[in-house]
Amino acid sequence: MQISRPRGTSDILPEEARRWRKLENVIHELCRLYGYGEIRTPIFETTDLFLRGVGEATDIVEKEMYTFKSKGKRANSLTLRPEGTAPVARAYLENGLYALPQPVKLYYIGPMFRYDRPQAGRYRQFHQFGAEIFGADDPAADAEVIALAMTFFKKLGLKGLELHLNSVGCPECRPVMREKLVEYFNLRIQECCQDCRNRLVKNPLRILDCKEDSCREIRRGAPSPVDCLCTECGAHFEHLRRYLDLLNIPYHLNPRLVRGLDYYTKTAFEIIIPGAGAQDAVGGGGRYDGLVQEIGGRSVPGVGFALGLERTLLLMLDGAGEVATAPGPEVFVVTAGETRDTATRLVADLRAAGLVADRDYTGRSLKAQMKYAGKLGARYVVIVGEDELRGGRVALKDMEAGRQTEVYLEEMVDFLRRAVGK
RNA sequence: GUGGGCGUAGCUCAGCCGGUCAGAGCGCCAGACUGUGGAUCUGGAGGUCGUGGGUUCGAAGCCCAUCGCCCACCCCA
């Protein structure tokens, strides 16, 4: 039986990897511009981090985590990270980054893992680009993080993305929100779906984004979270909106936007591809002023986002941003007769001189070697033949023009370097 | 967890109601007067027809099971 890759994972082959590389380059460059430092945290963490950070009542924790027992006598429970914010918050705490000048701005790119049924744009191992700001409670920080995300898509030439915005309040006003919602839904809970009946107890806010038709209908007259915000949260939200206006970032107010993770406070946003069907969210984020404290630190405000790279790549397929096919070697060295020793040395010389050089490794005929060089898209072919070698020369063929000349061995590298413009 | 579709060479697929049905194109390898590419021609390698049962004189095509992939639901990235 042949072994195949685990469900929901993928092999990124060279051609595809070039698209990833391009995407990652944009990310690194953009983050440098915005003053974010890269952070790389472990692929797995202590399970507790997510239980406490993400929240026990979330879908992620309830059914999507890859959790396993470590080895050893006092083995603890580990989990393949399902998201990036909690780990980064943990690292911020653990490494004492709160002692750095605040705020601290960090970004990451890497794989995340969630056990779920795969389908278009959804995988068990997927990749996110995320950015976080710790130690800034100013709504301008929220705005910057949103601007960074939106600029990223703009740089990629992706159009038509929508920013959806909401505020989910803080420990101050959240209870009020809860109470009003519970009060409202309690009257008609019998008409709601089973999930929402559970939500009413565990997390009433989430009833607001239930996709069931019946629930949609019922919540029509439901109180809106934004109307329940305390003065501080209300002001924060107002200021954020003003900053977004200043930055010319359009947004849709979406009172039903409630993110799936428990740690969010105040700002919550999502970036949507209109009409993309079920997987229409390319990214999302918000403020999480309680997170650092929740995982055992002092109270540090935070705000950030995460974007799905697979979904971004999917968008880039039908639209701008296609990458050219991989260029072939600048020089391909071919042998005619017993000249392999010389050829071996020449390839090394060419590479040492910074030329993209390759050769044949199968011992095939000259004709076959030429054919191979042609398929690779080699710009020049150096033919190391016994006859030429006797005169201290090699033949040099321009594969585009189809012309061929001879050069002395000593001059070959310089000649080719000039030819390819290096 | 639920529902639907599909599984024939590396890839894209033919193969009608069971009886030259194990094929084509592309790709790969090689050859076409002996040391030269991309065009053309010729040849070659490569398949337990996802797997296991069953029906039948006979199954890639029918039945059952199983696995895998894809799509959709829930939820998210």
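Every chain is numbered from 1 and lettered A, B, ... according to where its sequence line falls, protein lines coming before strand lines. For clarity, every value in this text was computed on a predicted model and none was experimentally measured. Excluded from the calculations below are hydrogen atoms, water molecules and symmetry mates; all remaining heavy atoms, backbone and side chain alike, are included.
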If you restrict it to nitrogen or oxygen atoms, what contacts under 3.5 Å exist between nucleotides 27-29 of chain B and the protein, and what is each distance?
{"from": "B:C29", "atom 1": "OP1", "to": "A:Arg364", "atom 2": "NH2", "distance (Å)": "2.9"}
{"from": "B:C29", "atom 1": "OP2", "to": "A:Lys375", "atom 2": "NZ", "distance (Å)": "3.4"}

How is [X] classified with respect to the nucleic acid when contacts are heavy atoms under 4.0 Å: base, sugar-phosphate, or nothing?
X        : answer
A:Ala120 : sugar-phosphate
A:Gly337 : nothing
A:Gln404 : base
A:Gly121 : base
A:Arg114 : base
A:Leu307 : nothing

Work out how far the [atom1] atom of [N] is from that of [M], and round it to whole angstrom.
N     : M     : atom1 : answer
B:G7  : B:G44 : C1'   : 29 Å
B:C49 : B:G68 : C1'   : 16 Å
B:C70 : B:G35 : P     : 50 Å
B:A65 : B:G46 : P     : 36 Å
B:G50 : B:A14 : P     : 14 Å
B:C17 : B:C21 : P     : 15 Å

- Task: Please determine which of A:Trp20, A:Tyr36, A:Phe152, A:Tyr108 meets the ring-ring contact (aromatic ring centres under 6.0 Å, His included) test together with A:Phe129.
- Result: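 In the set A:Trp20, A:Tyr36, A:Phe152, A:Tyr108, the residue that makes a ring-ring contact (aromatic ring centres under 6.0 Å, His included) with A:Phe129 is A:Phe152.
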- Which listed nucleotide (B:C74, B:G38, B:A77) is nearest to the side chain of A:Gln128? B:A77
- Task: Just compare B:G31, B:G1, B:G37 and give me whichever is closest to any side-chain atom of A:Ser365.
- Result: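 Among the listed nucleotides, the one closest to the side chain of A:Ser365 is B:G31.
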- Query: Between A:Glu406, A:Glu411, A:Glu386, which is the residue that forms a salt bridge (Lys or Arg N to Asp or Glu O under 4.0 Å) with A:Arg393?
  - Reply: A:Glu406
- Looking at B:G35, does its base get a donor-acceptor pair with the side chain of A:Glu388 below 3.5 Å? yes
- So, does the side chain of A:Arg117 form a donor-acceptor pair with the base of B:C76 at under 3.5 Å?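 No, the side chain and the base share no sub-3.5 Å donor-acceptor pair.
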- Return the minimal non-hydrogen interatomic distance between A:Val168 and A:Leu257, and the atom names on each side.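 Looking at all heavy atoms of both residues, the shortest contact is CG1-O, 4.1 Å.
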- Item | Ring center gap for A:Phe332 and A:Tyr372 short of 6.0 angstrom |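 Yes, the ring of A:Phe332 comes within the 6.0 Å limit of the ring of A:Tyr372, centre to centre.
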- Query: Is a side-chain donor or acceptor of A:Thr41 paired with a backbone partner of A:Pro87 at a separation under 3.5 angstrom?
  - Reply: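 Flag not set: sc A:Thr41 to bb A:Pro87 has no pair under 3.5 Å.
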- Please tell me which of A:Gly283 and A:Gly8 maps to the more 5' nucleotide of RNA chain B, matching each residue to the nucleotide holding its nearest heavy atom. A:Gly8
- Mapping A:Gly308 and A:Glu400 onto RNA chain B by nearest heavy atom, which one lands closer to the 5' end? A:Glu400
- Using the six-membered ring of A:Tyr361, assess whether NZ or CZ of A:Arg359 lies under 6.0 Å from its centre and within 45 degrees of the ring axis. yes
- Task: Would you please confirm or rule out a distance under 4.0 Å between OP1 or OP2 of B:C73 and any side-chain N or O of A:Gln119?
- Result: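 Yes, such a contact exists.
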- Message: Could you tell me how far apart A:Lys367 (NZ) and B:U34 (C1') are, to the nearest whole angstrom?
- Response: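 Rounded to whole Å, this separation is 12 Å.
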